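Keep in mind it's a predicted model, so treat the numbers as computed, not measured.
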Amino acid sequence: MINREKLKEGLERYKAVFSLRWKEEKYKWEAVKHFQDYWNIEAADFAEMFSLATEEAASLLDSMNNFPRGMLIEYAKQNADAVKKMFVHLYDETKDMTERVLQFQEEAQILCEQYSASLQHYQRLTAISVYLWLRYPDKYSIFKYSVCRAAALELGSDFMPKRGNTAENIKGNLLLLDEITEEVAQDTELIRLFEKARDQTVYQDTCFRTLAYDLVSYMADGFASRRKTEKVKKEAASYIPKFTKEQWLGILKNKLTKGEYELVADVLRETPLVQESPEYEWYEKESFLYEVYMTPEKYDTLKALLLKKQNVILQGAPGVGKTFAAKRLAYSIIGLKNENQIEMVQFHQNYSYEDFIMGYKPNGNVFELKYGIFYRFCQKAAKDPEQPYFFLIDEINRGNMSKIFGELLMLIEKEYRGMEIVLAYDGQPFFVPKNLYLIGMMNTADRSLAMIDYALRRRFSFFTIEPGFSSEGFQKYLKELENETFCLLIEQVRALNLEISKDSTLGAGFCIGHSYFCGQEECTEEWMQSVVEYDIIPMLAEYWFDEPAKLQKWQSRLRGVFND
């Protein structure tokens with residue numbers, strides 16, 4: 001059962017934009033007609049026929065990270081009879097629909113193991129629902145988890161889809177569309193708009209079921225947009241008493257769309273501000289904890305360690321946000337987002353003293369003495385002794401410290417800060433100022449750099465940044481996105497990290513970091529699949545190159561999150 005009044009409200013909004021929407025959504029009706037015109041189960045070349053029949057529905061079947069149509073075309077080229085048999089069973093209306101769907105997936109898995117063992121077949125409920133809809137558009141509807149869930153929430157439905165519950169999702173989606181189709185068929189104004197718009201190039205949709213699905217898609221988009229707007233308003237009202245206008249907008253600068261920014265600005269105009277802002281945005285401990293998924297206790301420890309030692313290396317697994325955290329740690333100590341007090345460089349095997357401190361570089365036909373980035377930054381910090389300055393070194397363990405720092409290697413130690421020495425190149429006195437802090441970053445999963453230079457070990461304190469999935473900040477981020485699939489994916493990644501930690505050949509330094517999953521305003525399935533396919537799985541393939549069974553297990557578990 002659904003809230004009919006909510007549905008009628010959605011219908012009114014849909015009719016108001018129907019003429020414009022038709023231009024973008026007409027392809028759905030065109031796809032059905034095209035399929036009906038070209039589908040021929042007895043075709044001599046089944047692969048070619050299937051490709052042609054489904055080409056107008058390609059955007060519904062294949063995307064950047066999801067290739068159900070493409071995989072079936074390839075399987076049909078290898079074994080046309082097997083794929084043909086799959087569709088014969090799927091389209092057999094004498095059998096239970098749930099059984100047909102599950103059998104289709106089982107047979108696809110067999111073909112996958114035969115012809116693409118390192119990949120997946122992608123024949124999830126969404127794709128299978130499209131096949132059914134193309135063949136029997138008056139009976140079946142597309143099932144897309146995100147669309148169905150948003151519509152169910154918007155309409156107060158007593159059915160709510162759940163990941164992995166294939167049977168209930170099939171039945172519930174059909175019943176939901178049955179109710180909506182019934183209401184659509186009674187709306188004479190909408191039917192008149194639809195009949196005026198359609199022509200001979202599209203499927204006539206006399207039962208209006210595809211029209212009902214398009215209404216559901218429209219309402220789902222609107223529901224998601226309104227929920228997002230409500231979050232922004234609530235978040236703005238929550239933070240404004242704690243921060244100035246510039247602080248608040250600085251925090252949200254990269255998190256808002258233009259429309260959301262305007263909403264925040266409206267709230268700000270109606271709310272008394274704490275104080276006038278300085279030239280730069282304020283940035284303090286609260287700002288750091290909002291952006292960096294670390295506990296307050298660990299932040300206090302890290303800050304105290306840097307202020308005491310003056311040289312700290314942030315080490316950790318891939319994707320824990322070491323560079324991101326380093327810069328924001330500097331901001332929080334400065335108290336402002338002042339880039340003038342921060343400099344950053346990345347070390348590599350060929351990086352030298354001449355690049356870092358000074359050296360002769362060619363200039364036309366002559367060589368001139370050029371000052372390096374660290375030399376210039378030290379001079380800058382020395383002219384402003386009352387303010388802290390931060391020099392950040394990414395991939396610090398990739399450089400030869402003795403070669404890069406030369407005679408300055410001793411001067412970076414806290415006990416020798418401010419002590420002058422004469423540099424070999426120009427014969428001038430030089431010192432590393434006391435108000436300069438060094439923050440290095442290094443990846444603990446780099447197998448080629450297991451041995452760390454003793455000079456590095458002795459002069460720096462090491463602070464491990466761990467995956468922040470359990471932190472209060474990440475849990476809040478997870479809650480704000482309100483995406484069941486994302487929650488399931490994070491659960492799997494946390495389980496994966498537990499196995500990596502226990503693996504004697506890897507360990508905690510090889511865990512998957514949280515930054516792969518951060519910074520999203522909208523959590524789409526395409527984005528999540530992209531992270532899994534192109535970031536996480538390739539890394540696991542490197543970790544377990546000699547353990548194919550373990551790799552395949554985690555490929556299945558991570559990809560299985562997206563099963564309908």
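- For Phe474 against Cys518, the heavy-atom pair with the smallest separation is CE1-SG, 4.0 Å.
- A heavy-atom distance below 4.5 Å is not found between the side chains of Lys327 and Ile439.
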- Query: What do the steps show when you test Phe562 against Val532 for side chain to side chain contact (heavy atoms under 4.5 Å, CB included), and what is the final call?
  - Reply: CA-CA 11 Å; Phe562 306 105; Val532 169; 4.0 Å; yes

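- Minimum heavy-atom separation, Cys487 to Leu478: SG-CG, 3.9 Å.
- A salt bridge does not link Asp355 to Lys370: none of the charged nitrogens lies less than 4.0 Å from a carboxylate oxygen.
- In plain terms, the two heavy atoms of Leu423 and Tyr375 that are nearest each other are CD1-CE1, 3.6 Å.
- Checking side-chain atoms of Arg417 against main-chain N and O of Leu436 turns up a donor-acceptor pair under 3.5 Å.
- No side-chain donor-acceptor contact under 3.5 Å links Lys285 to the backbone of Tyr299.
- Side chains of Gln109 and Gln105: a donor-acceptor N/O pair is absent below 3.5 angstrom, by distance only.
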- After noting the C-alpha distance and the side-chain angles of Tyr331 and Gln341, does the key distance pass the side chain to side chain donor-acceptor pair (under 3.5 Å) rule? CA-CA 9 Å; Tyr331 289 155; Gln341 292 173 234; over 6 Å; no

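- The shortest side-chain heavy-atom distance between Ile500 and Leu540 falls under the 4.5 Å cut-off.
- For the atom pair CE (Met401) and CZ (Phe347), the distance works out to 6.0 Å, reported to the nearest 0.5 Å.
- Checking Ser116 against Tyr75 by side-chain atom types alone, a donor-acceptor pair falls below 3.5 Å.
- Counting heavy atoms of neighbouring residues, nucleotides and ligands inside a 6.0 Å radius, atom CD of Gln346 exceeds 12 of them.
- One side chain, Glu291 or Tyr283, offers a donor N or O that lies under 3.5 Å from an acceptor on the other.
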- Task: Take Thr464 and Val320 through the side chain to side chain contact (heavy atoms under 4.5 Å, CB included) test and state the conclusion after the steps.
- Result: CA-CA 10 Å; Thr464 300; Val320 293; over 6 Å; no

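- For the pair Arg328 and Phe324, the cation-pi test (distance below 6.0 Å, angle within 45°) is passed.
- When all heavy atoms are compared, the tightest approach of Pro318 to Gly509 is CD-O, 4.0 Å.
- Counting only distance, with no hydrogens or angles, the side chain of Asn311 and the backbone of Ser461 share no donor-acceptor pair below 3.5 Å.
- Judged by distance alone, the side chain of Arg459 and the main-chain N or O of Leu409 form a donor-acceptor pair under 3.5 Å.
- Lys322 places no side-chain N or O within 3.5 Å of a backbone atom of Ile465 that could act as its donor or acceptor partner.
- With rounding to the nearest 0.5 Å, the separation of NZ in Lys337 from CD1 in Ile342 is 10.0 Å.
- Here the side chains of Met539 and Trp544 are not in contact, with every heavy-atom distance at 4.5 Å or above.
- The shortest side-chain heavy-atom distance between Phe486 and Trp527 falls under the 4.5 Å cut-off.
- Between the side chain of Gln315 and the backbone N or O of Phe462 there is no donor-acceptor pair closer than 3.5 Å.
- The existence of a salt bridge linking Lys502 and Glu499 is excluded, since no basic side-chain nitrogen approaches an acidic carboxylate oxygen closer than 4.0 Å.
- Taking CE of Met344 as the start and CG of Asp394 as the end, the distance is 4.0 Å to the nearest 0.5 Å.
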- Quick one: do Leu314 and Thr323 satisfy side chain to side chain contact (heavy atoms under 4.5 Å, CB included)? Show the steps, please. CA-CA 8 Å; Leu314 306 182; Thr323 304; over 6 Å; no

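- Ring centroid separation for the pair Tyr353 and Phe405 does not come in under the 6.0 Å cut-off.
- In summary, the side chains of Tyr477 and Glu472 do not present any donor paired with an acceptor at a separation below 3.5 Å, with no hydrogens or angles considered.
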- I would like to know whether Glu525 and Lys144 meet salt bridge (charged side-chain N to carboxylate O under 4.0 Å, His left out); could you show each step before the answer? CA-CA 11 Å; Glu525 188 162 309; Lys144 190 173 182 181; over 6 Å; no

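- Counting all heavy atoms, side chain and backbone alike, Leu551 lies closest to Ala541 at CD1-N, 3.7 Å.
- Surrounding CD of Glu113 are more than 12 heavy atoms belonging to other residues, nucleotides or ligands, all under 6.0 Å away.
- Annotation: side chain of Leu306 is in contact with side chain of Ile333 (closest heavy-atom distance under 4.5 Å).
- Between the side chains of Arg494 and Ser470, at least one donor-acceptor pair of N or O atoms lies under 3.5 Å.
- Contact annotation: the side chain of Ile73 never approaches that of Phe67 to less than 4.5 Å [non-hydrogen atoms, C-beta and beyond].
- Residues Phe463 and Met294 approach most closely at CE2-CE, 4.3 Å, considering heavy atoms.
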- Begin with the C-alpha distance, continue with both residues' side-chain angles, and end with the deciding distance and a verdict on side chain to side chain contact (heavy atoms under 4.5 Å, CB included) for Lys298 and Thr295. CA-CA 5 Å; Lys298 287 193 173 182; Thr295 65; 3.3 Å; yes

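- With sequence neighbours excluded, the residues forming a side chain to side chain contact (heavy atoms under 4.5 Å, CB included) with Gln78 are Tyr115, listed by chain and number.
- To the nearest 0.5 angstrom, Tyr389 atom OH is 13.0 Å from Tyr437 atom OH.
- Taken to the nearest 0.5 Å, the OG atom of Ser51 stands 9.5 Å off from the CD atom of Glu74.
- When side chains are defined from C-beta on, Tyr360 does not count as touching Glu354, because their heavy atoms never get closer than 4.5 Å.
- Distance alone, capped at 3.5 Å, is enough to place a donor-acceptor pair between the Ser501 side chain and the Asn497 backbone.
- With hydrogens and angles ignored, the 3.5 Å screen pairs a side-chain donor or acceptor of Gln123 with a backbone N or O of His121.
- Between Glu343 and Arg376 there is no salt bridge, since no side-chain nitrogen of the basic residue lies less than 4.0 Å from a carboxylate oxygen of the acidic one.
- Looking at Ile313 and Met441, their side chains never come closer than 4.5 Å, going by heavy atoms from C-beta outward.
- Remark: Gln529 CD to Thr524 OG1 distance equals 9.0 Å, nearest 0.5 Å.
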Using residues 428-435 as the side-chain source, report each donor-acceptor pair under 3.5 Å to any protein atom, sequence neighbours left out, with the distance given to one decimal.
| unit_1 | atom_1 | unit_2 | atom_2 | d |
| --- | --- | --- | --- | --- |
| Asn435 | ND2 | Ala381 | O | 3.1 |
| Asn435 | ND2 | Asp384 | O | 3.0 |
| Asn435 | ND2 | Gln387 | O | 2.7 |

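- Side-chain atoms of Glu466 and Tyr293 form no donor-acceptor pair, as typed in the model, at a separation below 3.5 Å.
- A donor-acceptor pair shorter than 3.5 Å can be found between the side chains of Gln120 and Glu533.
- Both the sub-6.0 Å distance and the 45° axial angle are satisfied by Arg163 relative to the ring of Tyr145.
- Aromatic rings from His348 and Tyr351 are positioned such that their centres are separated by under 6.0 Å.
- Ring centroids of Phe391 and Phe356 are separated by less than 6.0 Å, placing the two rings close together.
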